[in-house]
Amino acid sequence: MNRGAIAFYLATSGHSGVDRIMSNLIEEFSRRGIHIDLLRIAKHGPYLQEIPGNVRLVELGTAHVNNSFLPLVRYLRREKPAALLSDKDRLNRIAILARRVAGVDTRIAVRIGTTVSENLAKRGWLDRTLQYLSIRNLYPKADEIIVPSQGAAEDLARVGRFALQHISVLPNPVITSDFEKISGQDIAHPWFQEGSPPVIVGVGELCARKDFSTLIEAFALLRKRLECRLLLLGEGRQRSQLEEQVKSMGLDDQVMMPGFVENPYPLMAHSSLFVLSSICEGFGIVLAEALALGVPAVSTDCPSGPREILQNGKYGPLVPVKDAEALSAAMEKTLLAPASPDFLREAVKPYTVVASASRYLHTLGLAGHSNAVPQK
């Protein structure tokens, strides 16, 4: 039995935003002396680079989320952790039901990092119905419901038909203590030589939700007025479609898509502008990361997160979704008159790992379990 422990019940891709924020949380909780059980579903993340002594990997013995219910029940009965944190709807509903079947008093916190209504609009009828039912009937049975932005909270409250005060808005643990170090690594890229045209960077999965197609269209418009280049970091199902768009616009030499980059931060740090062109987000992790690097940013005013991060346009322009002309104009204006790096870094102070971890521990009822003093 490990009554002082928190269990993380996750099944990530291994290279997503959820991977980064959950790995950051686990590492900071560990540094503060919290005992952690990371429940593993085979072939799923998060994968920690190093396993601290107070982090235990617990194999659930299944490679599929849907088959993890009974293993989770057995784990809860055997270990009775003080709290369990899950993320994403399928795991959330299993966690809530498993606690009930196990008959334990483990505190259950479910997190959902997307704007639910936007996400559900793209789902099939069965999947959409199941998620509506679980949110409306199961989520109120959790001790805590966690989302990363106020916009996501308001959307979830509408979908779930429960009071907004039942939802905790906790800042994502984005900025690590070594962020400056890992972003300061040298890069050897021909586009970043002295005297080269400014580089605009976009980062994320090459998928419809990120809408890099509109960004490429906006870039093509901008190229008519200003010499610049576009670097898209990420991989995904829309690669061939985007490559064809670039080719058809005659931008082969001006747009580069090198794929997934393990450490994109040095390239981001040397770029002149970051652009988030998404149709929807739950928060916008990479937007916060760009500001933390002191890189000027432009974002679509998509639901939810960018407006809160940029504080209604104070720290960077917000433009309508799928509006290439407005995006192009905002990109040009920001390139010609960029804000200072120190000013931009002010925007992300709430999103340090230290600040976020303290909020999470308080919400999970584990603030008194921390043995370490948070580092400044």
Side-chain angles (χ1 to χ4, degrees), residues 16-18 112-123 128 147-159 169 172 200-225 228 230-234 236-239 241-242 244-246 248-249 251 255 257 268 271 273-291 295-335 347:
S16 66
V18 177
I112 195 155
T114 62
T115 301
V116 173
S117 64
E118 296 285 338
N119 190 38
L120 290 181
K122 305 176 185 68
R123 302 290 185 89
R128 186 168 62 248
V147 296
S149 65
Q150 187 63 34
E154 293 169 359
D155 180 76
L156 181 59
R158 285 193 295 270
V159 170
V169 179
N172 274 334
I200 300 164
V201 64
V203 183
E205 183 182 357
L206 305 182
C207 63
R209 185 168 65 87
K210 297 298 182 181
D211 195 21
F212 286 123
S213 178
T214 296
L215 174 53
I216 292 169
E217 186 181 345
F219 173 75
L221 293 172
L222 179 59
R223 281 276 305 167
K224 297 176 181 178
R225 307 186 296 271
C228 52
L230 177 62
L231 181 64
L232 299 180
L233 305 178
R237 287 173 291 182
Q238 284 203 333
R239 167 172 285 279
Q241 178 181 328
L242 295 172
E244 181 59 35
Q245 181 184 2
V246 169
S248 68
M249 290 181 160
L251 298 172
V255 179
M257 293 188 289
M268 291 172 63
S271 297
L273 176 67
F274 170 81
V275 179
L276 185 81
S277 53
S278 298
I279 295 171
C280 68
E281 292 281 349
F283 174 70
I285 293 172
V286 72
L287 175 59
E289 290 173 332
L291 295 173
V295 177
V298 172
S299 176
T300 54
D301 191 13
C302 68
S304 305
R307 176 167 287 275
E308 294 169 45
I309 295 170
L310 294 175
Q311 295 187 27
N312 299 314
K314 176 181 177 180
Y315 292 103
L318 291 154
V319 301
V321 169
K322 283 189 168 295
D323 189 332
E325 290 189 3
L327 184 58
S328 178
M331 290 159 62
E332 180 179 22
K333 181 179 179 180
T334 307
L335 281 170

Distance, nearest 0.5 Å, that separates [atom1] of [X] from [atom2] of [Y]:
| X | Y | atom1 | atom2 | answer |
| --- | --- | --- | --- | --- |
| Glu281 | Lys210 | CD | NZ | 3.5 Å |
| Ser328 | Asp323 | OG | CG | 10.0 Å |
| Ile200 | Met331 | CD1 | CE | 3.5 Å |
| Gln238 | Asp211 | CD | CG | 8.0 Å |
| Thr300 | Lys322 | OG1 | NZ | 10.5 Å |
| Arg239 | Leu232 | CZ | CG | 9.0 Å |

Taking all heavy atoms of [X] and all of [Y], pick out the closest pair and write down the distance.
| X | Y | answer |
| --- | --- | --- |
| Ala326 | Pro320 | CB-CD, 4.1 Å |
| Ser271 | Val295 | O-CG1, 3.9 Å |
| Pro317 | Leu310 | O-CD1, 4.0 Å |
| Phe274 | Leu287 | CE2-CA, 3.8 Å |
| Ala218 | Ala324 | CB-O, 3.4 Å |

Is any side-chain heavy atom of [Y] closer than 4.5 Å to one of [X]?
| X | Y | result |
| --- | --- | --- |
| Met268 | Val286 | yes |
| Arg237 | Leu206 | no |
| Leu318 | Pro306 | yes |
| Asp155 | Pro303 | no |
| Tyr315 | Ile309 | no |
| Leu230 | Val275 | no |

When you measure from the side chain of [X] to the backbone of [Y], do you find a donor-acceptor pair of N or O atoms at a distance under 3.5 Å?
| X | Y | answer |
| --- | --- | --- |
| Arg209 | Ile279 | no |
| Ser149 | Gly282 | yes |
| Arg128 | Arg123 | yes |

Exercise. Classify the side-chain pair Thr115/Ser304 by whether it contains a donor and acceptor separated by less than 3.5 Å.
Key: yes
Quiz item: Hey, is CD on Gln311 packed in by over 12 heavy atoms from elsewhere, all under 6.0 Å?
Solution: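 It does: Gln311 CD has more than 12 such atoms within range.
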Quiz item: For Lys122, does the NZ atom sit with more than 12 other heavy atoms under 6.0 Å from it, leaving out its own atoms?
Solution: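 Yes, enclosed.
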Quiz prompt | Partner of Ser277 under side-chain contact (heavy atoms from CB on, under 4.5 Å), chosen from Val298, Leu215, Val319 | solution = Leu215
Practice problem: Under the side chain to side chain contact (heavy atoms under 4.5 Å, CB included) rule, what do Glu118 and Ser278 come out as? Steps first, then yes or no, please. | Solution: CA-CA 12 Å; Glu118 296 285 338; Ser278 298; over 6 Å; no
Quiz item: Passes side chain to side chain contact (heavy atoms under 4.5 Å, CB included), Leu222 versus Leu335? Steps please.
Solution: CA-CA 11 Å; Leu222 179 59; Leu335 281 170; 4.0 Å; yes
Quiz item: Please walk me through it: do Gln245 and Glu217 pass side chain to side chain contact (heavy atoms under 4.5 Å, CB included)?
Solution: CA-CA 9 Å; Gln245 181 184 2; Glu217 186 181 345; 4.3 Å; yes
Practice problem: Just do the side chain to side chain contact (heavy atoms under 4.5 Å, CB included) check on Val147 and Val116 with the steps written out, would you? | Solution: CA-CA 10 Å; Val147 296; Val116 173; over 6 Å; no
